[in-house]
Amino acid sequence: MIGLGEHAEFIIAAYAGIAMGLALVIGWTLAAARSTRRRLAELDTRDRSDRA
Amino acid sequence: MTPRQVHSPISLRARALACGRGDTLLIEGLDLDVEPGAGLLLRGPNGAGKSTLLLSLAGLLPPLGGEVSLFGHDPEDGPALHYCGHRNAVRPRLGVRQTLAFWRDINGPTGLSVDAALERVGLLPIAGLDAGYLSAGQQRRLALARLLVSRRPLWLLDEPTAALDTDGHRLVASLLAQHLEQGGLAVIATHDEIELPALRTLALAARA
Amino acid sequence: MTPRQVHSPISLRARALACGRGDTLLIEGLDLDVEPGAGLLLRGPNGAGKSTLLLSLAGLLPPLGGEVSLFGHDPEDGPALHYCGHRNAVRPRLGVRQTLAFWRDINGPTGLSVDAALERVGLLPIAGLDAGYLSAGQQRRLALARLLVSRRPLWLLDEPTAALDTDGHRLVASLLAQHLEQGGLAVIATHDEIELPALRTLALAARA
Amino acid sequence: MRGFLAVLWRDLRLALGGSGDVLTIVLFFVITGAITPFAVGPDQALLSRIAPGIVWIAAFLAMLLGLDRLFRPDQEDGTLALYRLADVPLAAVVAAKVIVHWLTAALPLIVASPLLAVLLAMDFPTFARTVVSLLLGTPALAAFGAIGAAVTVTTRRGGLLAPILIAPLCVPVLIFGVGAIAMGGGPDQAGAALLFLAALSLTALALSPFAAALAIDWGEE
Amino acid sequence: MRGFLAVLWRDLRLALGGSGDVLTIVLFFVITGAITPFAVGPDQALLSRIAPGIVWIAAFLAMLLGLDRLFRPDQEDGTLALYRLADVPLAAVVAAKVIVHWLTAALPLIVASPLLAVLLAMDFPTFARTVVSLLLGTPALAAFGAIGAAVTVTTRRGGLLAPILIAPLCVPVLIFGVGAIAMGGGPDQAGAALLFLAALSLTALALSPFAAALAIDWGEE
Amino acid sequence: MSIETAPKISWWNRLAHPGQFVALTRPLVWPLAALTAVLFAAGLWFAFFNSPADYQMGDTVRIMYVHVPTAWLSQFVYATMAVSALGTLIWRHPMADVSMKSAAPLGAAFTAMALFTGSMWGRPTWGTFWEWDGRMTSTLVLLFIYLGIVALWRAFDDQLRAARVVAIFTLVGAVNIPIIKFSVDWWSTLHQPASVFTPEGPKMPGSILTPLFIMFFAFTFLFLVLQLVAMHTEVRRRRIATLERRMARGSAA
Ligand code: HEM
Ligand SMILES: Nc1ncnc2c1ncn2[C@@H]1O[C@H](COP(=O)(O)OP(=O)(O)OP(=O)(O)O)[C@@H](O)[C@H]1O
Ligand SMILES: Nc1ncnc2c1ncn2[C@@H]1O[C@H](COP(=O)(O)OP(=O)(O)OP(=O)(O)O)[C@@H](O)[C@H]1O
Ligand SMILES: [Mg+2]
Ligand SMILES: [Mg+2]
């Protein structure tokens, strides 16, 4: 890795913040996607068994 | 009391109407025709969707499918219907006469005068009272007076007799009879009896 | 359904009762006695003062004169009456079951369980629904269920059958019959017919 | 027109009729001004420097207070449904309500502003410019407020939602409102700010009834 | 106790239900603070001087805006009449409501105040004093607010009364609240202000449920 | 109206059906995600190992590679929302509602990141984390608008009703954002003037522009992927709400 000069801590903080922000957004989107998909599958099977 | 006057001949049509709340379907595939001079009584158990249907007919709730039309009505003429729902739109701090005059102003002074309408529904003696002080039945009467001060051919009434005494029941029947006689039309959701020859009944089933 | 249970024997007495709103006198010199197991139907035209009288009996409105007493009731035991007015106290965003459970908590869990009460008024199938979604009649049924979850001897009902379908009318009659049978008492203001042998009628005249 | 006037009168009567709303708003405005000296200390020069800003903030916040009363009560008692079926266009109803909101929430503040001027040690020219900028700018606040209120009527917790929706939109009004007062030095710049304020108010007034009417028509019931 | 908790939970659930409301209050508070620089100008030194006043005004306003939800909806749908006939004393119901009001309208603000501290360039000691003074003072605002709300909710004509009633009560809270922050110099003076705030809050909390309950019970149906 | 649109049952109408939309766009997600990952890897490599320090700002210029793309996205996402709002209001396109709803929190997130990186950059260059400078301030205001829209969405129960109302507010905001930007710039200006998109072409050296553009595309594609996934989730969420409500009442019937 190259040296980041005198203000390294700010550069690192900026990239770390972005990494954290992206991780949060991506994680949240994926978690929501997974939980809704699971819930939908659950409801669908229940719905089908109700009708049967 | 008023001479026989004729509303512009409008008829209410619904084709393949589906309505409900949010995404809950309550009524589906409904075809309706109400001709001038005819009335339709909506009946059905609590929660069947009578109020919902009335709101959809009034255009206050977008239907989920199908369409409602007022055949023969020119949209340029302004709204052709009165909707009278569960809520009376009566606000404390305004007088009875003021309230009615206000409705007349926003709906157009095409019907009875304010005092004549109050007389008709039996509120003239307390015309000066704060409308917030009215009893439940009196508020209902005031709401009915709204139908009289602006003439419109189609009446959509949701439980018009709620909270009314026996005299009030007769009042509603006579108002309706007169309206239909003048060529108006009406759709009424009710659990009470309204005895009029010109009324057909549509029974809504409880939802499956 | 429930076995015959006896309420503490309380009777409602009013002596020289005068009541009204603000400084408007509506009812004057009224003497009332309602004994355990008996019911009183209040009748009268709109604006006669039925609701006002019920509020005065409930202690929610100070009487203008005379007095109301619950003979045989120990104030230590907490309130002895249920008041069920025009407004249903139903709040959107709380579920049907939650609403009833809340009432049970603030009034004391002395009656039926929440689910049993919902079953009785026919709301069990929609117990999970948001109470704000209920139709007018369903809200009324929910309000009636409140009388069942906390047992109190005196019921003051203002137009309990409003917005109810025919099945609901029967429900009210049977709830009342059961309550009276258990030694309760009731005062009911209504414009509808309630057919029960144990009910006397008090007709209030229209105010001059 | 008849319907428009009817709504105007009715709402004016309701707002003024003993409800105390107007008094609350004025009191809030004065309280905001009165506690500022306690925050910044008794430094007259500093006080008079920030006075225009304080007056504008107080006015802005006070107008937010009355917002919930614009459509909410009508929605709850069923009047809003009547408006949708009335002979007057819904936009005219909204316009009447915006005017009433301005008359009952902005005008009283402007009338009360001499009090604040004294409390905050404003000199007379500044005070005069403050009044002018309030007169030109507050209509825009009322108009934006109507949009916020219309968008939130049917949600059951409008109260605070409308303010947070419209506050960002009101930033230009605040900037130019205060700018017109503070830039006493260059009269042409202050003039430009005032002109801009007026333009903002006019456009907002002209457009907001339609936007709010649409929001009500599509959102209600 | 069971009834008290039931009211507490119900009102909390209603206030938080759908989980949007706390976000709304916090946003409202932050936006109010963030709007200030637009009015007084982007001068950091100046901003940090008036910051205590701004924070207190924003808190006061947020609590005022939430006040209407204290009893009004219950009165309108008939729940208030039920409370008067319930097995719980009315004062307990009011106490529960005051607590919920504080939890949903004051606590979120305090939690969000660091954000405002950054935007308004407060230094850390000032910020810490701000949090303490808000913690000690806002309960009084909630309690006085409850009295005002109780008086207005039942008397149809008494609208005028509430603001007149609570303004003299709230002004000292605001003044001492702001004072406790601003008087950084003399620690004993700030300490006295804080003590006074705490005393005010305690008394208000102890008395207001009874006063408000009386007002409700004697009010018109 | 249905007769008019009937003949052209096209990709447009097929996209209008939520289920079809999910089916049609699901295959896009993985390839797009892979592309995004590649772009990020390349961008980061350039940013740290293959670009010089700025002669003026030194190494802090490397913050630009994350700051400018997020700042750009903060505006691009709003544009997406505004276009979707038009779709809701004019064409009543069901997927427009969904797109509007899922974009709002993403926009708020990117705006927050732009603010964060900006203030990390501000400290070394201007000596302060926060300054009430025009561009920073208008970005902050934009964040508030995003958050307001998110709060507005959550305040409604009925999502169909919510969509139309939010659409109106989004468009009102879209009209206002340029005015806000202008007024804030007038009020106070400190920020770097436009130096990439100028009439005379970019003023920066190519060695800085390359990583900037790569990162720029990386972030934009990331947004597209997240938006697609969030839209799929929203479609499913609506289906769940329908089923749940049906069960809440239907269990006994
Ligand atoms: C919180 C603080 C900041 C915020 C909110 C912010 C916001 C923005 C925004 C909205 C843009 C426009 C992006 C576009 O045109 O698409 C931008 C671009 C830019 N910013 Fe910042 N900024 C901040 C701090 C800084 C600092 C401290 C610097 C460096 C000294 C900086 C340097 C740049 C550069 C070089 C551009 C690209 C300019 C162009 O070519 O248009 N920013 N920033
Ligand atoms: N605050 C008040 N001041 C003066 N009069 C009032 C006030 N409140 C109500 N009234 C009047 O009191 C009368 C009685 O009202 P009440 O609600 O008791 O009637 P009711 O018998 O229940 O009628 P209904 O059958 O319509 O329900 C009404 O005529 C009403 O106008
Ligand atoms: N927002 C909503 N979401 C889901 N379901 C709803 C909603 N609002 C109402 N409902 C349901 O719609 C049904 C119909 O209500 P509606 O008011 O039309 O009935 P009604 O026939 O008028 O009954 P009543 O005789 O009691 O007045 C009820 O079962 C109610 O639970
Ligand atoms: Mg109904
Ligand atoms: Mg009555």
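So that the names make sense, note that chain A is the first sequence line, chain B the second, and so on, each numbered from 1.
- Contacts between Asn107(C) and chain E at a heavy-atom distance below 4.5 Å involve backbone atoms as well as side-chain atoms.
- Side-chain contact check for Ser174(C) versus Arg120(C): some heavy-atom pair is nearer than 4.5 Å.
- With respect to the salt-bridge test (charged N to carboxylate O, under 4.0 angstrom), the residues Arg140(C) and Asp165(C) do not qualify.
- Contacts between Pro62(C) and chain E at a heavy-atom distance below 4.5 Å are absent for every atom of the residue.
- Chain E forms the most heavy-atom pairs under 4.5 Å with one residue out of Ala143(C), Pro79(C), Gly78(C), Ala58(C), and that residue is Pro79(C).
- Per-residue heavy-atom pair counts under 4.5 Å with chain C were compared for Leu5(E), Asp77(E), Asp217(E), and the maximum is reached by Asp77(E).
- Neither side chain, Gln98(C) nor Arg93(C), offers a donor N or O lying under 3.5 Å from an acceptor on the other.
- Ion pairing of Arg13(C) with Asp33(C) is present here, as a side-chain N (NZ or NE/NH1/NH2) and a carboxylate O approach within less than 4.0 Å.
- Ranked by heavy-atom pairs shorter than 4.5 Å toward chain C, the options Val7(E), Leu80(E), Val93(E) are led by Val7(E).
- A salt bridge links Asp167(C) and Arg141(C); the closest N-O separation between the charged side-chain nitrogens and carboxylate oxygens is under 4.0 Å.
- Proximity to chain E involves both the backbone and the side chain of Arg91(C), based on heavy atoms less than 4.5 angstrom apart.
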